[in-house]
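Quick notes on the structure that follows.
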Amino acid sequence: MGWRRRGAAGVVVGVVLAVGVAGCGSGGGGGKKGEGGGGDGGERNAVTVRLPKLAGQRLQVTAVWTGAERENFVKVLDEFEKRTGAKVDFVPSGDDMAGFIGSKIAGGGPPDVAMLQQVGVLNEFAGKGWLKPLGPEAKAQLAKNYSKGWRDLGAHKGTEYGVYFKASNKSLVWYNAQAFGNAGVKEPKTWAEFLKAARTISESGVQPVSVGGSDGWTLTDWFENIYLSQAGPEKYDQLAQHRIAWTDASVKQALSTLGQLFGRKDLLAGGNAGALQTDFPTSVTQTFSGGDAPKAAMVSSADFAAANISQTKAKIGSDAKVFPFPAVGAKSPVVTGGDVAVALKGGKAAQALLTFLASTDAARIWAQAGGFISPNKALDRAAYGDAVMRRIAGALIAAGDDFRFDMSDQAPASFGGKPGQGEWKDLQDFLKNPKDVAGTQARLERDAVKSFGG
């Protein structure tokens, strides 16, 4: 694709992220107070960014977030309103952010600010002239608080457009500690151990793995984790940029490996048909609901699953625990994703919101609420409400710029980011019929050619 990012966009968090996330140590910071260290509560809540007074101005902000994620983001917007006097309207976009924004642009009424999930979409919008470059105040916050890798991800052809407000480690498996204990299984470190643990849990009377297959993006995460660990980072970058075909032998191997799970309906909560009817939030909550009889024992999900877990009675760190995605190849993969704030309209209010989102003040609000990690390196890790999230966030910052980004999020939206088409649909069809590896590869390649061109 002409607007595809290379370099920094071809990046995933290194092994450091996979180390220690299952532990629940204190995870304190090592920096100065208020700069990632262990400052006291007053300093953590101090105002670090000044915003203009915007009384009488109104902003419209759109994001895909629903449920607990939406509630927590609205807390951030409420604080912005309090400080500036502006009024902010949150408008949910649905999963098809690119389609939603495109329709609003065509109708002449785009939102002021959008939270995009895909690097590819940011570059597409910037290439079409739909985005407004960051102003000096937002750029100053980025330079102060973000590493070069995250700044580069929010730029197009050298111009900074986006603020990565929310990051995610997408290579985690959350599990029901009681279900594991009852089955007598331990946290698996390899794919073979993972499958063995799933079979043992199944024999104990609990369905092992919850898959939110009605949301196609969850299936891309399954594939990407296996592919990165098995094929390695160089192949990962090549496939992400469509420099190798989806008919490549490495894709066949990864799909065949994924088929070892998807091809065993007794290992999936609700079987294949049930998985295809389960959305992401339910895939998490059903793993931690039901007391002694949960509908599943584990779910592969990013750190933001913590927000969904918080809607159950399970306590993170004791009832709900987490381990790194098992190693399929030499080591466990770690894929990262993120939500980037961009301005679609000019004006002081939109730029003020981007400046706020680039600050530690905004990140702290959601960090305290839970289900969130920030790429903001200046955020005091003590802001995170539990030790598990502090460990995950600390490892993300420690990784610096040594990371790879979610593969489907790097692709054109028509291939990697739309419900009912492209990679999402092709992998849903694979979940329906995991034996059809060759057919799945052919469909993926056909759809990739349409989107990337050539």
Side-chain angles (χ1 to χ4, degrees), residues 33-36 39-93 110-116 132 134-146 162-167 304 306-307 310 338-385 389 393:
K33 290 183 178 181
E35 295 182 350
D40 64 34
E43 287 177 325
R44 290 202 306 273
N45 292 316
V47 174
T48 64
V49 61
R50 302 296 173 183
L51 301 173
K53 296 302 180 183
L54 302 167
Q57 297 198 39
R58 200 168 198 103
L59 276 176
Q60 189 178 86
V61 179
T62 188
V64 301
W65 297 317
T66 59
E69 288 187 300
R70 172 176 175 167
E71 291 173 11
N72 291 335
F73 183 52
V74 168
K75 292 177 183 177
V76 177
L77 299 179
D78 287 345
E79 179 64 19
F80 177 78
E81 287 185 332
K82 186 187 303 182
R83 293 196 191 182
T84 63
K87 296 298 180 183
V88 183
D89 298 315
F90 178 89
V91 179
S93 65
D112 296 272
V113 173
M115 308 297 297
L116 308 180
K132 306 301 179 184
L134 295 181
E137 293 84 4
K139 289 170 70 174
Q141 285 293 314
L142 275 187
K144 174 183 175 184
N145 299 330
Y146 285 75
V163 172
Y164 269 91
F165 177 61
K166 189 174 188 287
F304 50 72
S310 69
D339 298 272
V340 58
V342 297
L344 293 133
K345 288 183 179 179
K348 185 182 291 187
Q351 288 295 330
L353 180 56
L354 293 180
T355 300
F356 183 56
L357 294 177
S359 74
T360 56
D361 296 6
R364 185 186 307 115
I365 295 168
W366 199 337
Q368 291 173 337
F372 170 91
I373 59 173
S374 172
N376 189 318
K377 64 184 181 182
L379 178 66
D380 190 329
R381 269 182 276 156
Y384 293 95
M389 297 305 289

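No hydrogens, no waters, no symmetry mates; every other heavy atom, side chains included, goes into these values.
Looking at every heavy atom in both residues, Gly135 comes nearest to Gln351 through N-OE1, 2.7 Å. Taking each heavy atom of Gly371 and Ala306 in turn, the nearest pair found is CA-CB, 3.9 Å. Contact between Ala378 and Asn145 at its shortest, heavy atoms only, is CB-OD1, 3.4 Å. Listed here is the closest heavy atom pair of Pro111 and Leu344: O-CB, 3.3 Å. In plain terms, the two heavy atoms of Ala341 and Val113 that are nearest each other are CB-CG1, 4.4 Å. The two atoms that bring Ala307 and Ala68 nearest to each other are O-CB, 3.7 Å, heavy atoms only.
A heavy-atom distance below 4.5 Å is not found between the side chains of Val88 and Asp112. Looking only at side-chain heavy atoms (C-beta outward), Lys166 and Met115 stay at 4.5 Å or farther from each other. Two residues are said to be in side-chain contact when any heavy atoms from C-beta on lie closer than 4.5 Å; Val74 and Trp65 fail this criterion. Contact check for Tyr146 versus Asn376: side-chain heavy atoms found under the 4.5 Å cut-off. Here the side chains of Ile373 and Tyr384 are in contact, with some heavy-atom distance below 4.5 Å.
Of the inter-residue distances, the one linking Leu142 atom CG with Lys144 atom NZ reads 12.0 Å to the nearest 0.5 angstrom. Here CG of Leu116 is found 9.0 Å from OG of Ser93. Values are rounded to the nearest 0.5 Å. Here CG of Leu357 is found 10.0 Å from OG of Ser374. Values are rounded to the nearest 0.5 Å. For the atom pair CG of Leu134 and OG1 of Thr355, the computed distance is 8.0 Å after rounding to the nearest 0.5 Å. Taking CG of Asp380 as the reference point, atom OG1 of Thr360 lies at 9.0 Å (rounded to 0.5 Å).
When the side-chain hydrogen bond (donor to acceptor under 3.5 Å, both in side chains) test is applied to Arg58, the partners found at least two apart in sequence or on another chain are Asp89.
Annotation: Phe165 is not in aromatic contact with Phe356 [ring centroid separation under 6.0 Å not met].
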- Query: How far apart are the C-alpha atoms of Val76 and Asn72, what are their side-chain angles, what is the distance that settles it, and do they pass the side-chain contact (heavy atoms from CB on, under 4.5 Å) test?
  - Reply: CA-CA 7 Å; Val76 177; Asn72 291 335; over 6 Å; no
- Task: Carefully, step by step, assess Leu54 and Phe80 under the rule side-chain contact (heavy atoms from CB on, under 4.5 Å).
- Result: CA-CA 10 Å; Leu54 302 167; Phe80 177 78; 4.0 Å; yes
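Using bins of under 30°, 30° to 60° and over 60° for the plane-to-plane angle, the ring pair Trp366/Phe73 lands in the tilted bin.
In the displayed structure, Lys345 atom NZ is contacted under 6.0 Å by more than 12 heavy atoms of other residues, nucleotides or ligands.
Remark: the backbone N or O of Val91 is paired with a side-chain donor or acceptor of Thr62 at under 3.5 angstrom. Formation of a donor-acceptor pair under 3.5 Å by the Lys53 side chain with backbone atoms of Arg83 is found in this model.
Between the side chains of Thr48 and Asp361, at least one donor N or O lies within less than 3.5 Å of an accepting N or O.
Using a 4.0 Å cut-off between charged side-chain N and carboxylate O, Glu71 and Lys75 make no salt bridge.
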